[in-house]
Engineer: 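Below is one structure. I have some questions about it.
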Amino acid sequence: MRQLIKPWRHVFKLDPDRELGEAELALVCGSGTDAILVGGSTGVTYRNTQDLLHRLRPYGLPCALEVSDLAAAVPGFDLYMIPMVLNTADTAWVLGQHRKAIERYGSLIPWDLLLTEGYIVLNADSSVARLTGADCALNAEETAAYAQIADKLMQLPVVYLEYSGTFGDMETVRTVREVVECSQLFYGGGIKSETEAKQAAALCDTVVVGNIIYSDVQQGLATVEAVKNTVKLAVD
Ligand code: 1GP
């Protein structure tokens with residue numbers, strides 16, 4: 001599964017709980033993005049996740065489900081991304097939900113389709129931060145320390161800097177970039193312009209774009225080329 005995500009530079013994240021018309025979905029899927037990540041923090045159900053997967057399938061793009069609610073673990077995705085929130089004291093989001101999932105689904109779990117994301121939640125004013133009780137008051141060094149837990153101690157395939165809803169602090173992202181060696185570095189949060197998309201793409205392996213699709217689809221589409229035309233900076 002690491003091989004599947006390795007070439008991903010740009011990903012659109014679609015929320016099953018939000019409305020997206022057929023025309024907009026066609027534009028998103030025909031945009032040249034590398035994959036669709038399905039996920040959201042609230043209102044995600046089995047039904048709306050399955051519906052969105054059915055609508056996505058004809059376009060032939062890789063579809064990954066970011067599993068945030070056990071009840072919405074729909075079969076049929078190419079990949080399942082499993083967040084472990086590193087900067088929370090609530091162990092439900094590190095291990096608890098995961099233990100329950102294994103107890104509930106056991107041998108039905110397609111282990112070879114799972115990838116774990118070391119999630120670092122950095123926007124205190126976001127649904128995911130509220131839901132998980134994340135400690136978002138981290139400076140760059142503290143954030144980088146969490147990233148190294150994921151990259152070096154836990155050897156997770158993905159480190160995900162999650163600024164959901166707001167554009168992140170690029171100095172923090174750069175500090176993280178400098179220490180992450182093996183994990184694929186994902187950035188998500190608040191990208192509304194090509195300039196922001198390029199800034200994130202210069203520092204991260206994979207750039208995730210979500211909200212803008214729902215408010216200005218054309219602006220969202222423009223982020224694809226912006227990311228793809230950006231060369232990753234060499235950092236020491
Ligand atoms: C959210 O990281 C993604 O989980 C993308 O963030 O919706 O703010 O673009 P935005």
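Both ligands and their constituent atoms are indexed starting at 1 by order of listing.
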Engineer: Any nitrogen or oxygen of Y119, main chain or side chain, under 3.5 Å from a nitrogen or oxygen of ligand 1?
Structural biologist: no

Engineer: Hey, is ligand 1 close enough to G210 that some N/O pair sits below 3.5 Å?
Structural biologist: yes

Engineer: Regarding R9 and N229, is there a side-chain donor-to-acceptor distance under 3.5 Å anywhere?
Structural biologist: no

Engineer: Heavy-atom pairs closer than 4.0 Å: do any link ligand 1 to the side chain of Y214, the backbone, both, or neither?
Structural biologist: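 The answer is neither.
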
Engineer: When only distance counts, is I212 in polar contact with ligand 1, meaning an N/O pair under 3.5 Å?
Structural biologist: no

Engineer: Look at the side chain of E225 and the backbone N and O of A222, then say whether any donor-acceptor pair between them is shorter than 3.5 Å.
Structural biologist: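 No; judged by distance alone, with no hydrogens or angles, the pair does not exist.
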
Engineer: If you measure from each heavy atom of F186 to ligand 1, is any distance below 4.0 Å?
Structural biologist: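 So F186 does not count as touching ligand 1.
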
Engineer: Will you find, in the side chains of Y119 and E66, an N or O donor that is under 3.5 Å from an N or O acceptor?
Structural biologist: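 Present: a donor and an acceptor within the cut-off.
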
Engineer: T175 and E141: side-chain donor and acceptor closer than 3.5 Å?
Structural biologist: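 T175 vs E141: no donor-acceptor pair found between side chains.
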
Engineer: Could you walk me through whether R99 and E103 satisfy the salt bridge (charged side-chain N to carboxylate O under 4.0 Å, His left out) test, starting with their C-alpha distance in whole Å, then the side-chain angles of each, then the deciding distance to 0.1 Å, before giving a yes or no?
Structural biologist: CA-CA 6 Å; R99 194 206 74 204; E103 285 176 353; 3.1 Å; yes

Engineer: What residue and atom, counting heavy atoms only, is the protein's closest point to atom 3 (C) of ligand 1, and at what distance?
Structural biologist: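 Here the nearest protein heavy atom works out to Y160 OH, 3.5 Å.
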
Engineer: Looking at N211, which atoms of ligand 1 are within less than 4.0 Å of one of its heavy atoms?
Structural biologist: 7 (O), 8 (O), 9 (O), 10 (P)

Engineer: Below the 3.5 angstrom mark, is there an N/O of G190, backbone or side chain, next to an N/O of ligand 1?
Structural biologist: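 Right, the criterion is met.
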
Engineer: Just to be sure I'm reading this right: ignoring hydrogens, which of K192, E162, E66 gets closest to atom 4 (O) of ligand 1? Compare them by their nearest heavy atoms.
Structural biologist: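 Shortest heavy-atom distance from atom 4 (O) of ligand 1: E162.
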
Engineer: Report the C-alpha distance between K228 and D34 in whole Å, list the side-chain angles of each, state the deciding distance to 0.1 Å, and finish with yes or no for salt bridge (charged side-chain N to carboxylate O under 4.0 Å, His left out).
Structural biologist: CA-CA 10 Å; K228 297 231 168 188; D34 295 307; 2.5 Å; yes

Engineer: Would K13 count as a polar contact of ligand 1, with the cut-off being nitrogen or oxygen pairs under 3.5 Å?
Structural biologist: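 The answer is yes, given that K13 and ligand 1 share an N or O pair closer than 3.5 Å.
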
Engineer: Could you tell me whether R177 and E171 make a salt bridge, using a distance below 4.0 angstrom between a side-chain N and a carboxylate O?
Structural biologist: no

